[in-house]
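Here's the structure we're looking at; comments come further down.
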Amino acid sequence: MTVRTRFAPSPTGFLHIGGARTALYNWLYARHHGGTFILRVEDTDADRSTAESMQIILDGLKWLGLEWDEGPEVGGDYGPYFQSERNEVYDRYLAKLEASGHLYEDEGAIRFRVPDKIITVSDVVCGQVSTNLKEQGSRRYDAEAKQEVEANPDIVIRRPNGGYIFHFVNVVDDIEMAITHVIRGEDHLSNTPKHLALFEALGATPPVFAHIPLNLNPSGTKMSKRDQGALIHEYQEGGFLPAAVDNYMALLGWSTKDDQEIFSLEELRLRFDLPGVNSSNSKFDYDKCRWVNGEHLKHLPAADLFKHASPFLSRAGIDPGDARVPAALELARDRVQLLSEIPGVIATIFADSVAYDEASITKVQEKEELPVIISALTAGISAATDWSIDGIKAAIHEAAGQIGLKMGALMLPCRVAVMGSTSGADLVPVLVLLGKEEVIKRLKTFSEMPGLAG
RNA sequence: GACCCGUUCGUCUAAGGGUUAGGACACCGCCCUUUCACGGCGGUAAUACGGGUUCGAAUCCCGUACGGGUCGCCA
C-alpha cells in the first residue's frame, strides 16, 4: 500500500508556522516513503473562508518547496479537493449513517450518536490513548460561568443550513481520498476518538495517526499571529531562505540521533521519519532560526544567492544588474544571517556618496596622526599600478612604511574613509570593486571633512 | 473544572537500567586574522519534586507540582 498523506488547511487566515510544519512533516513523510502528498482545502465554513487566505496558503507552501501531488491547481483522481465542492459525497455518507441508525435530528441539525464504550487511539507518537466519548461529552465546561454544565455528547455533523461540520467531512474525505497516515498537531489528539467512532460507523479502516507536538512561543503559550516568527510570508519578506525555514521547522520536534543540524530539503526527505518525532512541545527560538538561515546562506551556490538576494538589493536601491554585485555578495554572505542584512554590508560600495557613521569617525579621530595617515594612504593608493588584492595590500604597506607605521594602523582609517564605518566587509576586496579613482575620490572627500584635522 | 498529553542546560535536543549526562543556538573567555568578519579552541549551564522497583534509574511504576491541549451548529 502506498503512503498517502494530506495537509488540510482551513483558508481563514495566514499560513502559520504550526500549519506549515504540519505540512512539512506530511510532505516529508510521503516523499520519504515514495508516497503521495495531497492538499485538501477545508473550507466548509463559508463565512470565514476567503480566496485571499487560500492564495496566501498556496503561495506559502510553494515558497517552502512543498509541492503537492494532488489538490488545487494540479487536480488528481480523488477530487474535488475543496470541501465546499464535495457536498454530494457528504450526502452519500450521511445517508449511509442514516440507514444504519447512527443519526438523529436535533433542532434542525444532524447529530451522530457516539457509542458508550472506550475507544483507544493508537498513536505513533503518543502511544495508546483511551476515552469514552459518551461519558466525556456528557459534560461541558462553560468558560463564562467557569463550571461544568450538562451537554449532549453526540456530535453535530451537519448544521441546520445544510453545511457539514469538520469532524464528519474530515473523516469522509480521509476515507474517500484513501489517506493512509494522518499527521497533525497534538491539539487534535482529543478529537481523534470522535473520528475513530465515525470510521467505525462507516465500516472503514482508520488511517495511522501521528499527533505531533505543538510549537509554542518563547513564553510557552500557543504561537499567535503577533509572535515573532509566526507567519510564513514574514520569513520571505524578512530575508529567510525557504530551505532554512524548512530545516528549522523540521528540527522543532524531530531530530536525527546524530549531531547534524543543517539539512537541505533533500537531506530532510531522505532522513525524516516518524520514529524521530518526539512527544513534547517546543518553544520557538528566533535566534536559532536565524543561525540556521546563516548556515544555509554560507553554502548557497552563487547563482542561487544572487537570485534570492536580488529583491533585497533592489529594495535597498542597488541595481542587481551591476557587474560588481556577484563579487559583493560573496563578501557579504558569510557575515550575515538574513538576506535582508546583505545591503547593510555592501550598499556603500554602490552608493554615490559615503554615509559616515558618527561613532566610527570619532574612533579614528582619536589617532592624532589621522591627517598624515589619510594623505599617505592617498599618495600610496594613487601610486598603485597593480589594482588587485595583492597590489593594493602592497601599496598600503608601502604607504605605512613611509610614515613609520604598521599596515594595520592604516586599515581602520582607510575603512572609515572609504566605507564610512569601522565594520563591514573585508576591506581590500572592497577597494578592488570600488576602483582606484573612486577610492581616491573618497579619501579626498574624507580628508576635506570639516573639523577632521582638529 | 473534567479529560488527555507532556516535563534533560535559558532554548532545541541526544542518552530506550550501568556515560565524567553528549551536541547545537545564545552568552562569556582565548587563539587566528597586518582591517572587518568567518573560523578554531575552551567555559558557565540540565535530568521538576517525592516515593517505590532494582546491585544499579534521566531511563520502569505510582503520586505531587508545573506546562500545554481539548471540552462549538471553528477547523
Side-chain angles (χ1 to χ4, degrees), chain A residues 8-12 19 42-45 47-49 83 106-111 121 123 125-127 129-132 135-143 145-149 151 153 155-161 163-167 169-170 184-193 211 213-214 216 218 220-222 248 251-262 278-292 294 298 331-336 345 393 396-397 400 405-416 419 421-428 430:
Chain A
S10 175
T12 54
E42 306 221 330
D43 56 350
T44 54
D45 189 343
D47 295 340
R48 300 203 308 146
S49 301
Q83 290 185 330
D106 177 18
E107 294 181 357
I110 307 285
R111 280 187 190 267
V121 180
D123 190 274
V125 177
C126 306
V129 181
S130 302
T131 17
N132 182 321
E135 282 175 13
Q136 201 32 48
S138 61
R139 252 180 299 276
R140 194 186 84 230
Y141 186 62
D142 186 320
K146 290 195 172 180
Q147 61 174 1
E148 300 214 327
V149 297
I155 312 162
V156 172
I157 64 172
R158 200 181 73 170
R159 303 181 181 91
N161 70 7
Y164 287 98
I165 303 290
F166 164 72
H167 300 296
V169 296
N170 191 270
R184 57 181 14 168
E186 199 207 82
D187 48 344
H188 282 297
L189 186 57
S190 301
N191 287 326
T192 307
H211 287 90
L214 269 21
L216 309 175
T221 56
K222 212 174 171 182
Y248 182 69
L251 253 27
L252 245 26
W254 168 83
S255 67
T256 58
K257 304 305 176 192
D258 58 35
D259 291 335
Q260 187 171 348
E261 306 256 10
I262 302 302
N278 68 4
S279 52
S280 52
N281 294 346
S282 55
K283 291 179 187 167
F284 184 85
D285 183 347
Y286 195 74
D287 280 341
K288 183 144 187 184
C289 187
R290 283 170 50 97
W291 173 78
V292 169
K298 279 174 196 155
L331 296 178
R333 73 190 303 167
D334 61 2
R335 67 191 61 215
V336 298
V345 178
K393 275 188 183 169
I396 296 176
H397 194 260
L405 291 174
K406 291 200 165 189
M407 182 181 174
L410 306 209
M411 291 301 280
L412 208 62
C414 184
R415 174 182 286 284
V416 174
M419 294 294 283
S421 169
T422 50
S423 69
D426 197 5
L427 185 58
V428 177
V430 165

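Each chain gets a letter, A, B and so on, in the order the sequences are listed, and its residues count up from 1.
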Close N or O pairs between protein and nucleotides 7-10 of chain B (under 3.5 Å):
none

Close N or O pairs between protein and nucleotides 57-68 of chain B (under 3.5 Å):
unit_1, atom_1, unit_2, atom_2, d
B:G68, O2', A:N281, ND2, 2.9

Check: protein-nucleotides 37-40 of chain B nitrogen or oxygen pairs below 3.5 Å:
unit_1, atom_1, unit_2, atom_2, d
B:G39, OP1, A:K298, NZ, 3.0

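Considering only residues two or more places apart in sequence or on other chains, A:Y141 meets the ring pair (Phe, Tyr, Trp, His ring centres under 6.0 Å) condition with none of them. Residues satisfying the ring pair (Phe, Tyr, Trp, His ring centres under 6.0 Å) criterion with A:F166, sequence neighbours excluded, are A:H188, A:H195. Qualifying ring pair (Phe, Tyr, Trp, His ring centres under 6.0 Å) partners for A:Y164, counting only residues two or more places apart in sequence or in other chains: A:Y90, A:F168.
Remark: side-chain polar atoms of A:N281 are paired, donor with acceptor, to backbone N or O of A:L214 under 3.5 angstrom. With hydrogens and angles ignored, the 3.5 Å screen pairs a side-chain donor or acceptor of A:Q260 with a backbone N or O of A:I262. A donor-acceptor contact shorter than 3.5 Å is absent between the side chain of A:D142 and the backbone of A:V149. In this structure, A:Y248 contributes its side chain and A:Y286 its backbone to no donor-acceptor pair below 3.5 Å.
To the nearest whole angstrom, the two C1' atoms, one in B:G29 and one in B:U34, are 24 Å apart. Comparing B:C61 with B:G43, their P atoms are spaced 36 Å from each other, to the whole Å. The same atom, C1', is picked in B:U59 and in B:U7; the two are 14 Å apart, to the nearest Å. Using atom P as the reference point in both B:G23 and B:A45, the two lie 14 Å apart (nearest Å).
The nearest whole Å value for the distance from the CG atom in A:N278 to the P atom in B:U47 is 19 Å. Separating the CG atom of A:D123 from the P atom of B:G69 is a distance of 18 Å, rounded to the nearest angstrom. Here the P atom of nucleotide B:A24 and the CD atom of A:Q260 are 14 Å apart, to the nearest Å. Atom CD of A:E261 is separated from atom P of B:G23 by 12 Å (rounded to the nearest Å). Atom NE2 in A:H211 sits roughly 12 Å away from atom P in B:C5 (whole-Å rounding). Distance, A:I262 CD1 to B:C12 P: 17 Å, rounded to whole Å. With rounding to whole Å, A:R415 atom CZ is found 13 Å from B:U34 atom C1'. Remark: C1' of B:C25 and OH of A:Y248 are 9 Å apart, rounded to the nearest angstrom.
Side-chain proximity of A:H397 to B:U34, B:C74, B:U35: nearest is B:U34. Here the nucleotide nearest the side chain of A:T44, chosen from B:C12, B:A75, B:U34, is B:A75. With distances taken from any side-chain atom of A:V129 to the nucleotides B:C4, B:C73, B:U70, the minimum falls on B:C4. With B:C73, B:U35, B:U13 as the choices, the nucleotide that has an atom nearest any side-chain atom of A:D426 turns out to be B:U35. Closest approach to the A:D259 side chain among B:C12, B:C73, B:G23 is made by B:G23 (side chain taken as heavy atoms from C-beta onward). Out of B:A2, B:A14, B:U34, the shortest distance to the side chain of A:Q136 is found at B:A2.
Evaluation of A:Y141 against the base of B:G1 yields a stacking contact (centre distance < 5.5 Å, interplanar angle < 30°).
Glycosidic conformation, B:C5: anti, with the torsion outside 90° of 0.
Side-chain contact check for A:V156 versus A:D106: every heavy-atom pair is 4.5 Å or farther apart. With a 4.5 Å cut-off on side-chain heavy atoms, A:N278 and A:S255 do not count as touching.
In terms of position on RNA chain B, the residue among A:C289 and A:Q147 whose nearest nucleotide sits closer to the 5' end is A:Q147. Each of A:D106 and A:L189 was matched to the nucleotide of RNA chain B holding its nearest heavy atom; the match closer to the 5' end belongs to A:L189.
In this structure, A:R140 does not reach the B:A2 phosphate: none of its side-chain N or O atoms is under 4.0 Å from OP1 or OP2. At B:C4, none of the side-chain N or O atoms of A:T131 fall inside 4.0 Å of OP1 or OP2 (strictly under the cut-off).
When both pairing distances are held under 3.5 Å, B:U54 makes no Watson-Crick or G-U pair with any nucleotide shown. A 3.5 Å limit on both hydrogen-bonding distances identifies no Watson-Crick or G-U partner for B:C73. Base pairing of B:U20 is not made with any nucleotide, judged by Watson-Crick or G-U wobble geometry with both donor-acceptor distances under 3.5 Å. With a cut-off of 3.5 Å on both Watson-Crick or G-U wobble distances, the partner of B:C66 is given as B:G6. Look at B:C27: its Watson-Crick or wobble partner, with both distances under 3.5 angstrom, is B:G43.
Between the base of B:A24 and the side chain of A:K288 there is a donor-acceptor pair shorter than 3.5 Å.
Residues A:R335 and A:G424 share a closest heavy-atom pair of NH1-O, 2.8 Å. Nearest heavy-atom pair across A:G220 and A:K283 is CA-CE, 3.8 Å.
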Step-by-step side-chain contact (heavy atoms from CB on, under 4.5 Å) determination, A:R184 to A:H211: CA-CA 5 Å; A:R184 57 181 14 168; A:H211 287 90; 2.9 Å; yes
From CA spacing to verdict: side-chain hydrogen bond (donor to acceptor under 3.5 Å, both in side chains), A:R159, A:T44: CA-CA 11 Å; A:R159 303 181 181 91; A:T44 54; 4.8 Å; no
Derivation and outcome, side-chain contact (heavy atoms from CB on, under 4.5 Å), residues A:L427 and A:C414: CA-CA 9 Å; A:L427 185 58; A:C414 184; 4.0 Å; yes
